[in-house]
Amino acid sequence: MASSSSYSNPPCAACKFLRRKCLSGCVFAPYFPPEDPTKFVNVHKIFGASNVSKLLNEILPYQREDAVNSLAYEAEARLKDPVYGCIGAISVLQRQVLHLQKELDATNADLMRYTSNEIAVHHQRRMAYGSGVRSYNPNPGYYSYRENPGHGSN
Amino acid sequence: MTIKSGSGQACAACKYQRRRCTPECLLAPFFPADEPKMFQNVHRLFGVKNIQNLLKELGHDLNQKATAMKSIKYHAAMRNKHPVWGCMVEIHQLNCQIQLAEEELQAVLHQLAFYKQQHENQLSSRTADDYISDLQLGMAPPGNSLEAHSHYNNEEAGAADYNINYMDFKEMNNVVNSMCGYSNNNSNDNNLNSTVTHAHLVMQQPPLSAVEQQQHEDYSEMQPFFDNIDDSQSYIGCKEAYDQSSLSLESQFKASRHDVEEIDENELKSAAACFSLTSVN
């Protein structure tokens, strides 16, 4: 009995699901291994095998893996959320970007206020220390306060 | 020859398929005759049968159906524009923007904490005479620290609000990372692919190429869709990655507050140790 070619190459997940012979030039075989049948099932449910096949044939071979992975992700998203699919994720991310931007603007404004307040306080101190001197004697129990006899003089 | 439906003109779907557009046509409300390209995109990606099945799954809720069809049209348009990555382009760009914004926010928060620290140091560097005179005159200790506490309380509350529902970031990022890693080795003259890959790898603001800007202009009609989208009904629920990032922000706020409290207490103690207080009668 001649050994069938299918023994050396187990059918890919696509051909297994579609119950057809997995030929050597099968467009799905490199991207839908038999170990992960769910991937093809999802993609087929949402997009259909023929549409996926046409899409893969329209792009270059080295781009096909990326395309299949993105289709698999989108199909899974659509199955989980039939209304929004992966567009829901885009919307959430857009809102997060806006929220972060607002946070950033508010924090920057705080920083600006703080730095301008620092400058103002520093300025005030310089003015204040110019008009009066408070002396301090570290001896315990003794404290004196003197004003600079010359008002405003420094 | 397409026979006109009750509305007077065959819908884009029936026109494309060259069949009679009946009043019961499921796709007619969503594919007007003046948008043939939209239907072609959808047909190319999903196929008529799959769209009809999807509409049947949604039951009789017209709003849901309308929303679903909008998202499908956008999805198909994105796939038409980017045959390899489809919607993942947008998702990846937004992820990059979020990452950059987070890093910038952390940097600004660090700066703010630094200035806060400096301010507290300046306050504590006032001479002991100032404290004594304040105490003798019955003045309260510097109140700025109290204001700072309340300020940080507000910020901490804001950080807690930052905990937004988010999709399975890890899973999505794994897909995106693996795709970017693969594409980096095989990038071709597709400007958008290389732009997105480069942005992902160097973690810089993704420069919008002319292609991307054109994309945004082309899909400007989709923006109102996003403004009205009620994604609270979306399946997205897992907030793993953003829990982590929001926790880091909260802990940073708490740490800053703790430091401020410690400084105040230590400075007061050292100031008090320098002299003994005399009671004022």
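In the text below, chain A, chain B and the rest are named by the order of the sequence lines, each starting its count at 1.
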Pair [X] + [Y], salt bridge at N-O below 4.0 Å:
| X | Y | value |
| --- | --- | --- |
| E120(B) | K116(B) | yes |
| E74(A) | R79(B) | yes |
| D110(A) | R113(A) | yes |
| E58(A) | R44(B) | yes |

Please flag which part of [X] lies under 4.5 Å from any non-hydrogen atom of chain B: side chain, backbone, both or neither.
| X | result |
| --- | --- |
| L56(A) | neither |
| I46(A) | both |
| K54(A) | neither |
| L104(A) | both |

- Counting distance only, does the side-chain N/O of S53(A) pair as donor-acceptor with the main-chain N or O of A49(A) below 3.5 Å? no
- Message: Please classify the contact between L45(B) and chain A as side chain, backbone, both or neither, with a heavy-atom cut-off of under 4.5 Å.
- Response: both
- Atom group of I72(B) that falls short of 4.5 Å from chain A, counting heavy atoms: both
- Message: Between G47(B), A101(B), C87(B), G86(B), who has the most heavy-atom pairs with chain A when the cutoff is under 4.5 Å?
- Response: C87(B)
- Query: Any idea how F17(A) and H44(A) line up, ring-wise: parallel (<30°), tilted (30 to 60°), or perpendicular (>60°)?
  - Reply: perpendicular
- Relative to chain B, which of P82(A), A72(A), S50(A) shows the most heavy atom pairs under 4.5 Å? P82(A)
